[in-house]
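Taking it in order: structure first as structure tokens, then the write-up.
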Amino acid sequence: MDVDHHHHHHNGNGNGSAAVYDSNGNDEIKQEVKEEPMMSDDDMTFSEMMKKDKKKKKRKAESDEDDSGDEYKPETKNHRKSASKKNGKKHSEDEEESEVEYKPEVKKPKKKDSKKRNRESSEEESDADYSDEDVKPKKKKASKDKNKPSTSTPKKDVKKEPPKKKPKKEEDVVDVWEWWKEEKKPDGVKWNSLQHMGPLFAPAYVPLPDSVHFKYAGERMKLSLEAEECATFYAGVLDHEYSTMKAFNENFMKDWRKVMTSKEREKITDLKKCDFRAIDLYQKEQREIRKAMTKEEKLKIKEEKEAEMKIYGIAVIDGHRQKIANFRIEPPGVFRGRGGHPKMGFIKKRIMPEDVIINCGKDTPIPKPPAGHKWKEVRHDNTVTWLCSWTESVLGQNKYIMLNPSSKIKGEKDYEKYETARRLKKKIAAIRAKYTEDFKDREMRVRQRATALYFIDKLALRAGNEKDVDEAADTVGCCSLRVEHIKLYDSAKIEETDKKEKEYVVEFDFLGKDSIRYFNRVAVEKRVYKNLGKFIENKNPGDDLFDRLDTSTLNEHLRSLMDGLTVKVFRTYNASITLQEQLQKLTNPKDSVAAKILSYNRANRQVAILCNHQRSVSKTHDQAMEKLEQKIKDKKKEVKEAEEALKHARGAEKEKAQKKYDRLKEQLKKLKIARTDKDENKQIALGTSKLNYLDPRITVAWCKEHDVPLEKVFTKTHREKFRWAIDMTNSSDEKFVF
DNA sequence: TACCCGACTTGTTCTTAGCACA
DNA sequence: TGTGCTAAGAACAAGTCGGGTA
């Protein structure tokens, strides 16, 4: 199936930049349709991608307009209301029209408005004095950083570790809970008892020393505490592209001015006149100082962190100690939205205990808020898995403290995910047959659904929920694809260059999650191609490609095909099955371990390509590459020398020389493998798929079968997260098959 | 049905720990 | 024995999905 992916990896994300690109023009089909997938990453230069942003705004305006221009557009879809679930036939006329009468529906971008919430009213509560002794770990960080204040952690009784020994065995901290050997708990209930210490708050702001000056219009200025803190946020972004972006700067200025004193506000009106360089420099110095600390100082910090982790990083859930994932509350800072995020630059406010909701067991002690403070709320909701939550100030979204992936609660869910994907494996043939049949259904709605599903299955696209235009960057997934995101190459044209069967080629070019560009030309079935032609008829570039489809309808349909089936299951299924197939295909049992690992990584890479997991191709990567190259050269030389020596060696010397030669030869081989691996990995990120899409049992089984130590492919965290899979697979006699 | 939102997963980027090497 | 550099992990942004409400 992977022969169809002609990815053209492009790194739209650069270093977190707003990768908005120009999707029109310059995209003539300049490469053969069958071009090798992984090479050549330049179709469009970075800067080309950078311009244009405006377009989006326009899009919105346009579509509002079209709205009235399109006479069809049923009022709202009220009349569909009682078409209860199931895609039964109880649908009103407008959906049953035959192709001829079909007119595209124009979906409106969502509006939210009611949601400006916190933003405006954000001034109150500037009570930054939350630095209470006795509760705050880190009461203060002397800028000189000399005597690291002993973290006065709340619990005096934390036992002091004998400074020399390193505990750190997973088991020391948490229980090994082999939940997969236990009976499953009934639905809905996530736990029976839950105890924890609440979140760890961000350390209080430490003012800049008087020697560090912020300047406005060239003139030194001592800022009020809060204004200064925000200034440090901006200073931190000085080296970054964000500091050159209009939206970022405007948003920052807007929020910054809110925390200024009236005097400051009066004076500081132009960001361009602000000079943060001294602050930036100071921050860099501080970092250097930290780096330059002695071993002892570093060790001390480490121990302090471990102590914090032991208190705040652990929850007891149904009698088992489990790691918490993110027990530290996000410190205040500036919001760094990705892509052309409209809210980038706004300030994330400091979270106080008064903002935090605690969730814990009824019969366990309630975590104590820091002295002088109280929680926003304490609840005992065992139908959810989070321990603490609060509302983040920029987007107004909920944030949670949850358990670590190694926990039962997460692990069990993960396990279920893969089991669902395996059930899909059993049904996939029938499902494919069904949607292929549906390509030619008389209902537009059904044809769109089938076509979308085809892409989701074949290309592993995401679902593509609707997004609020002014709360997020303009990115899309399958259901939200617009006409402008695809191109149809008409068969005649292709036939000249490539007379083969590749008649029906579709090009995708859009920004997906995290504004990562998805670019792919792919040959599709004739029916699909024809359908697409119909779907885009009489539409504007900014209109929805699948105007009769949305994620909830699609998922509802999928559920009718298989229990628990949703769009994302296809991604999981296709990723895992691809890994299994590729491993089968690529592994040579006679290979060395290093060569086998290369095969593994190649299989993994196929998946990453399928899922479009990219990574920024960095200068550092190129440098590393050069270094490797050099090493190989050096090694070659050594081999040559050893070879010479071997020739001249006699007697006992000879054997020694032979050994040396062999060893060097082996090392050289390893280096070459490393080079290949690295090179092939240039713009592909393997981590995401390994962590989220590949059934770990496939990997464990492969290691077992081929005598590859698991730790060569799974890091410590992987092994913790996938303990269930390791245990299940290794303790079974038969080979795991996904 | 539209819309909103809570909860949870997936994803990239930033930061650090720890390793290979001078 | 320190230095520079990755790879691993932390941080946190951005998705998915399903349920409630008007």
Phosphate OP1/OP2 of [N]: any [X] side-chain N/O under 4.0 Å:
X	N	result
A:K690	B:dT10	no
A:S552	C:dG18	no
A:K298	B:dA17	no
A:T385	B:dC8	yes
A:K467	C:dG15	yes
A:N692	B:dT9	no
A:Y400	B:dT9	no

Pull out every protein N or O sitting under 3.5 Å from an N or O of nucleotides 11-13 of chain C, one pair per line with the distance.
residue	atom	partner	partner atom	Å
C:dA13	OP1	A:K348	NZ	3.0
C:dA13	OP2	A:K399	NZ	3.2

Does [X] reach a base, just sugar-phosphate, or nothing at all? Heavy atoms under 4.0 Å.
X	answer
A:T566	sugar-phosphate
A:R571	sugar-phosphate
A:G477	nothing
A:N465	base

With sequence neighbours excluded, residues passing ring pair (Phe, Tyr, Trp, His ring centres under 6.0 Å) with A:F327: none
Non-neighbouring partners of A:W191 that pass ring pair (Phe, Tyr, Trp, His ring centres under 6.0 Å), sequence neighbours left out: none
Aromatic ring proximity A:Y242/A:F252, centre distance under 6.0 Å: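 Between A:F252 and A:Y242, which both carry aromatic rings, the centre distance is not below 6.0 Å.
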DNA chain B: 5'-proximal contact among A:L691 and A:W386 (nearest heavy atom):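 Result of the comparison: A:W386.
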Nearest-nucleotide comparison on DNA chain B, the residue closer to the 5′ end among A:R462 and A:R287: A:R462
Partner residues of A:E330 under the salt bridge (charged side-chain N to carboxylate O under 4.0 Å, His left out) criterion, sequence neighbours left out: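 A:E330 satisfies salt bridge (charged side-chain N to carboxylate O under 4.0 Å, His left out) with A:K348, A:K399 once adjacent residues are dropped.
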Heavy-atom pair of closest approach, residues A:T572 and A:A421: CG2-CB, 3.9 Å
Contacts of A:A315 that satisfy side-chain contact (heavy atoms from CB on, under 4.5 Å) - sequence neighbours left out: A:L194, A:H196, A:I324, A:L387, A:L403
Results of side-chain contact (heavy atoms from CB on, under 4.5 Å) for A:K298 - residues two or more places apart only: A:M293
